[in-house]
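Here's the structure we're looking at; comments come further down.
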There are 2 protein chains.
Amino acid sequence: MNTETTSFVSGLPIASVERETGLSKDTLRVWERRYGFPTPERDANGERLYAPTQVQRLTQIKRLMDRGYRPGKLLALDDVALIALDEARPGALVTPNVLQLDTWMRLVKTHDSEALQRQFYRELAKRGLAGFVQDIVAPLIVRVGEAWSRNELGVFEEHLFSQHLEKMFRTVLANMSPQRGSPRVLLTTLSGEEHTLGLLMVEALMVVEDVYPVLLGPQTPIDEILRAAQLKQVDAVCLSFSSAYSSTLAAQGLRDLRQMLPAGIELWAGGYGVKAIRKTIDGVCLMPEFQDLYDGLAKWRTEHGRRSA
Amino acid sequence: MNTETTSFVSGLPIASVERETGLSKDTLRVWERRYGFPTPERDANGERLYAPTQVQRLTQIKRLMDRGYRPGKLLALDDVALIALDEARPGALVTPNVLQLDTWMRLVKTHDSEALQRQFYRELAKRGLAGFVQDIVAPLIVRVGEAWSRNELGVFEEHLFSQHLEKMFRTVLANMSPQRGSPRVLLTTLSGEEHTLGLLMVEALMVVEDVYPVLLGPQTPIDEILRAAQLKQVDAVCLSFSSAYSSTLAAQGLRDLRQMLPAGIELWAGGYGVKAIRKTIDGVCLMPEFQDLYDGLAKWRTEHGRRSA
DNA sequence: TTCATTTATTGTCCAGGACAAAGTGTTGAC
DNA sequence: GTCAACACTTTGTCCTGGACAATAAATGAA
């Protein structure tokens, strides 16, 4: 039904490839110039047309880059070596009960929505919210991220998984939400960090701990965080960083924000991404582990007098 | 530790302006060349630095363009004329009850979370889900978007509003979700479109209409949409585009996807963003209005025989 | 080891030319 | 007067190839 009008060259224009791979047009062109890959055809007007195979390979390369490899190496490799790298394990994961997580992973891989949803609620009832978040959800998110970057899992399965988790969190939280506790904590991420699940996990833990969370969603510019913190009169601002976020950028952002934030408002940073931050930052509390969050809360409460747990 | 070295020129680099305004770097540069606006400073390295005032004006211009004006005219105008245009109502938005929307906007502006949440549920109960979505939520999202780009509203208020809406949708949907109806429709957006609210609105309408929605969340690459469509055996794929998404890119993406998608699976595109697409695309059903969705569903049902409404 | 300095890598920016798609205006047939 | 066909204008995207700063890697000193 389609396109007998198209000549025999066919493929995606550069804008589509940018959208699909997340590599900017500039990058695509400069790779071609420097490394001789990709090698798009040209249409009648001299514009690039990328073969689907090459687009696929570009996605693969992008994924490997997220795992830490550098383009110079990757673009020199042939297909065989590339796939070999893809298989290579990055370093043992720190999950406690691997067996059970494997069961979960199977559900994710077969995108069995109903079973996944059922399992979520069963496990939630069994462990309670805090235990469920720490022992199941958090490790599972790590596993899914790893599996994705290892190409064992498609974007589709990963999205479906996120949607189910999000749905579950929001349902559970909706029934507990109207809290009046303290401290009041602002929850968001810096621009560029789009992962919401970290925020939802923290919100869940906070609601249980009788904290009043103000959820802003992801990607709030720094000056708006500042404004929100003052208008909503929060006691602390808590940012979440996924492992994908550059640790340099994270540290810089935290410094910037700390500088502008009134001294009376604490600044906390959590998530897998803060593990990569080496140096402590003055006036910023780094919380790579869940336990750190509890410690931080306890500390705040003792410092601010009469407030129970 | 940073930057007493910064000179007295300051402003946003071109990449930030692209993100803020939605105008591509190429467009920004070509406007400067052709129309003499904007007129960014340069940093030590000769790179553009846009003054916040100009960025604001660019956002304003972008919004007017979305309303149908052409850049050639807009860029020739001075501030006064621009603001005059801005005040002028565009073909009177189709909101039935402007008065009530104003009340809502006041709640958004004062970020009164509790009142907003209460109002949501009250109005939902009064109008039913479909009526609520069409008469309140959709116009309100447009209003908030407009107010934001007119700088009457901060990012913070906009985020808070989105979070409340999302929470509400997910709560409501959680209680109705396990559906087995047909057709089965895959819901997602293309990479680059991050707005989720459109998807949630459509999901809500579909659940009421006894459709089985598969929600993938935003930003799925085309080949993954394809894979999901086949694995989940859907009858149609429905994409949502916000007004921020470039209509050229949207059209291109739809063409790309249509080409790869089996003929048996329909392709629908909804949201404010498709209004800007002029030409029809072969095999793609453009649904700028909610009514179009109902029509599309009805059409599908008559074509596929015995299935009630 | 650990830290500081040099060197290599890599993404983004720039200029300015070109062109096609979309919009606008004009003409003439009915 | 309406409408279709045509020419002209506007406008966004793509092109090349050069430059440079930010980051990572490698090297040397304490």
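Both backbone and side-chain heavy atoms feed into the values below; hydrogens, waters and symmetry mates do not. Just so we're on the same page: letters track the sequence lines, and every chain starts at 1.
The overall bend of the helix from C:dT1-D:dA30 to C:dC30-D:dG1, read as the angle between its terminal helix axes built from five base pairs each, is 30° when rounded to 10 degrees.
A search for salt bridge (charged side-chain N to carboxylate O under 4.0 Å, His left out) contacts involving B:E266 returns nothing, not counting sequence neighbours. B:T27 is linked by a side chain to side chain donor-acceptor pair (under 3.5 Å) to B:S24, counting only residues two or more places apart in sequence or in another chain. Evaluation of the side chain to side chain contact (heavy atoms under 4.5 Å, CB included) rule for A:K73 yields no partner, not counting sequence neighbours. Take B:P40 and apply the side chain to side chain contact (heavy atoms under 4.5 Å, CB included) test, not counting sequence neighbours, and it matches B:E32, B:P38, B:R48, B:Y50. Under the rule for a side chain to side chain contact (heavy atoms under 4.5 Å, CB included), B:A76 has no partner lying at least two apart in sequence or in another chain. Residues that satisfy the side chain to side chain contact (heavy atoms under 4.5 Å, CB included) test with A:Q56, not counting sequence neighbours, are absent from this structure. Applying the ring pair (Phe, Tyr, Trp, His ring centres under 6.0 Å) test to A:F156 and every residue at least two apart in sequence or in another chain returns A:H111. With sequence neighbours excluded, no residue forms a side chain to side chain donor-acceptor pair (under 3.5 Å) with A:R70.
Put simply, A:T27 has a side-chain N or O that comes within less than 4.0 Å of OP1 or OP2 on C:dT12.
Applying the salt bridge (charged side-chain N to carboxylate O under 4.0 Å, His left out) rule to pairs touching residues 49-60 of chain B yields B:R57-B:D79, sequence neighbours excluded.
Shown for residues 31-40 of chain B: residues whose heavy atoms fall under 4.0 angstrom of DNA chain D, namely B:W31, B:R34, B:Y35. Applying a 4.0 Å cut-off to non-hydrogen atoms, none of the residues of residues 51-59 of chain A approaches DNA chain D.
Listed nucleotides D:dG12, C:dG11, C:dT9 differ in distance to A:R70; the shortest reach to its side chain belongs to C:dT9.
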